[in-house]
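All remarks here apply to the structure that follows.
The first residue of the sequence shown is numbered 1, and numbering continues consecutively from there. Given the structure is predicted, the values throughout are model-derived calculations rather than measurements.
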Amino acid sequence: MAQVAKHVQLKPETIQAFEKYVQEAEAVMGQTMQPSGPFLWCDTDAKRNEEVRRGTIVTQIWPGRGPAKVPHGLIHDWIGAAFAPGATLQELLVLIQNYDNHKNIYKPEVMDSKLIARRDNDFQIFLRLLKKKIITVVLDTDHDVHYRSLSKSRWECRSYTTRIAEVTDPGTPTEKVLPPDTGYGFLWRLYSYWRFQERDGGVYMECRAISLTRDIPFGLGWAIEPIIQELPRESLTNTLEATRRALQARAKASSPA
């Protein structure tokens, strides 16, 4: 099925448009760090907050529109929120900072994971990702991750991909890792912004994920559009759900019999 899509090369003007979008988005995010305003996205709407508090994983494209079209690409900007009752912020941080275990927590989407280096709250990590929806794509990705404590009950985290390389024939003797920024272009960049807050007898988790993909070539929407349009939301939802599930399993295992 993948043969219907040709390999493409990420173009400089596509990167420039993405970097401009991220710069503007981060400026707005920085404004919400003021002590006087709401820290969490779910707190900006009472109905949304109630849904999250009841256990629903709420996701929404930001700011309520479709992907942003840029030269030769699309920018996908999604935000999601979940609540893990009974969990603590410390338990959450221990869980998600154990990057060697992400391949177990987030499988099958994370096929392999490894901590490369750590210095205080700065991490360099490797993830092998599986993207599957009509077309199956395997990606080797490197990330720079930084955590920051804002208060005893609030933390934030931002993660930038520094390399995304498609893998052909993964797990076989003919496996080959393509040069970065070449291939089918189903994920060129992924920047994630997390916020965590402990309150209400549990931990709120929010993630805003901004990703860059190729555009949809004329005549191939049937094959390419599902993986480009639907996977960003599905990946975000699955990540939040898997994190909460792992926290609940951890709490259950540590509880007295």
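- When the options Arg214, Gln9, Glu13 are evaluated for a side chain to side chain contact (heavy atoms under 4.5 Å, CB included) with His72, the one that passes is Glu13.
- How far OG1 of Thr239 is from CZ of Arg244: 13.0 Å, rounded to the nearest 0.5 Å.
- Arg208 and Asp77 are joined by a salt bridge, as a carboxylate oxygen and a charged side-chain nitrogen come within less than 4.0 angstrom of each other.
- The shortest distance between side-chain heavy atoms of Arg48 and Trp41 falls below 4.5 Å.
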Kindly determine whether Arg128 and Glu175 satisfy salt bridge (Lys or Arg N to Asp or Glu O under 4.0 Å), including the steps that lead there. CA-CA 13 Å; Arg128 173 166 283 195; Glu175 174 178 303; 3.1 Å; yes

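- Considering SG of Cys42 and OH of Tyr204, their distance stands at 6.0 Å, rounded to 0.5 Å.
- Shown here for Leu74 and Lys69, the closest heavy-atom pair between the two residues is CD2-CG, 3.6 Å.
- Every side-chain contact (heavy atoms from CB on, under 4.5 Å) that Arg163 has, sequence neighbours left out, goes to Phe126, Asp140, Asp142, Ala165, Val177, Pro180.
- Here the side chains of Trp194 and Tyr147 are not in contact, with every heavy-atom distance at 4.5 Å or above.
- When the side chains of ILVMFWY residues are joined at heavy-atom separations under 4.5 Å, either directly or via intervening members, Ile15 and Leu178 end up in two distinct hydrophobic clusters.
- A 4.5 Å side-chain heavy-atom check between Ser211 and Leu187 finds at least one atom pair inside the cut-off.
- Across Ala25 and Ile210, no two heavy atoms sit closer than the pair CB-CD1, 4.0 Å.
- Between the CG atom of Asp181 and the NZ atom of Lys11 there is a distance of 12.0 Å, given to the nearest 0.5 Å.
- In this structure, Thr182 contributes its side chain and Pro179 its backbone to a donor-acceptor pair below 3.5 Å.
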Verdict with supporting geometry, His76 and Thr213, side chain to side chain donor-acceptor pair (under 3.5 Å): CA-CA 8 Å; His76 310 263; Thr213 70; 2.9 Å; yes

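- Between Arg118 and Gln97 the shortest side-chain heavy-atom distance falls below 4.5 Å.
- Here the side chains of Tyr191 and Tyr21 are not in contact, with every heavy-atom distance at 4.5 Å or above.
- With a 4.5 Å cut-off on side-chain heavy atoms, Leu139 and Val167 do not count as touching.
- Two residues are said to be in side-chain contact when any heavy atoms from C-beta on lie closer than 4.5 Å; Leu92 and Phe196 meet this criterion.
- Between Ser192 and Thr161, the closest side-chain pair of non-hydrogen atoms is not below 4.5 Å.
- Among all heavy-atom pairs drawn from Glu198 and Leu89, the shortest one is OE1-N, 2.9 Å.
- The side chain to side chain contact (heavy atoms under 4.5 Å, CB included) with Asp100 is formed by just one residue from the set Leu115, Asp112, Ile125; it is Leu115.
- Residues Leu127 and Leu236 share a hydrophobic cluster, clusters being chains of Ile/Leu/Val/Met/Phe/Trp/Tyr side chains in contact below 4.5 Å.
- Residue Glu166 comes nearest to Gly185 through the heavy atom pair OE2-N, 2.9 Å, listed as atom of the first residue, atom of the second, then distance.
- When hydrophobic clusters are built by joining Ile, Leu, Val, Met, Phe, Trp and Tyr residues whose side-chain heavy atoms come closer than 4.5 Å, directly or via intermediates, Tyr106 is grouped together with Val145.
- In terms of heavy-atom proximity, Gly201 sits nearest to Phe83 at C-CZ, 4.2 Å.
- Other members of a hydrophobic cluster containing Val94 are absent, since no ILVMFWY side chain comes under 4.5 Å of it, directly or through relayed contacts.
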How far apart are the C-alpha atoms of His7 and Tyr184, what are their side-chain angles, what is the distance that settles it, and do they pass the ring-ring contact (aromatic ring centres under 6.0 Å, His included) test? CA-CA 5 Å; His7 281 198; Tyr184 294 116; 4.5 Å; yes

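- Side chain of Arg245 to backbone of Leu247: no donor-acceptor contact under 3.5 angstrom is found.
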Apply salt bridge (Lys or Arg N to Asp or Glu O under 4.0 Å) to residues Glu109 and Lys131 and explain how you reach the verdict. CA-CA 7 Å; Glu109 186 166 352; Lys131 301 292 182 180; 2.8 Å; yes

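- Between Val110 and the options Leu129, Thr141, Asn238, a side chain to side chain contact (heavy atoms under 4.5 Å, CB included) holds for only Leu129.
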Please assess Arg195 against Glu156 for the test salt bridge (Lys or Arg N to Asp or Glu O under 4.0 Å), listing each intermediate value before the final yes or no. CA-CA 4 Å; Arg195 294 188 183 186; Glu156 68 162 349; 5.0 Å; no

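- For the side-chain hydrogen bond (donor to acceptor under 3.5 Å, both in side chains) test, residues two or more places apart in sequence or in another chain that qualify with Glu234 are Lys133.
- Among the candidates Arg54, Lys47, Arg53, the single residue satisfying the salt bridge (Lys or Arg N to Asp or Glu O under 4.0 Å) test with Glu50 is Arg54.
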Could you go through the side chain to side chain contact (heavy atoms under 4.5 Å, CB included) check for Phe18 and Leu212 one step at a time? CA-CA 7 Å; Phe18 178 75; Leu212 175 67; 3.7 Å; yes

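- Cation-pi geometry between Arg148 and Trp155 is not met at under 6.0 angstrom from the ring centre and within 45 degrees of the axis.
- Between Ser113 atom OG and Tyr99 atom OH the span is 10.5 Å, to the nearest 0.5 Å.
- Side-chain atoms of Asn101 never come within 3.5 Å of backbone atoms of Asn104 as a donor-acceptor pair (strictly under, hydrogens ignored).
- To the nearest 0.5 Å, the span separating CD1 on Ile105 from CG on Asn98 amounts to 6.5 Å.
- Expressed to the nearest 0.5 Å, how far CG of Leu130 lies from NZ of Lys107 amounts to 13.5 Å.
- Checked by atom type, the side-chain pair Thr237/Arg233 shows no donor-acceptor distance below 3.5 Å.
- Counting all heavy atoms, side chain and backbone alike, Gln197 lies closest to Phe39 at OE1-CD2, 3.8 Å.
- Note on Ile57: it clusters hydrophobically with Ile96, by side-chain heavy-atom contacts below 4.5 Å among ILVMFWY residues.
- A single hydrophobic cluster is seen to contain both Met29 and Ile75, as judged by linkage of ILVMFWY side chains at heavy-atom distances under 4.5 Å, directly or through other members.
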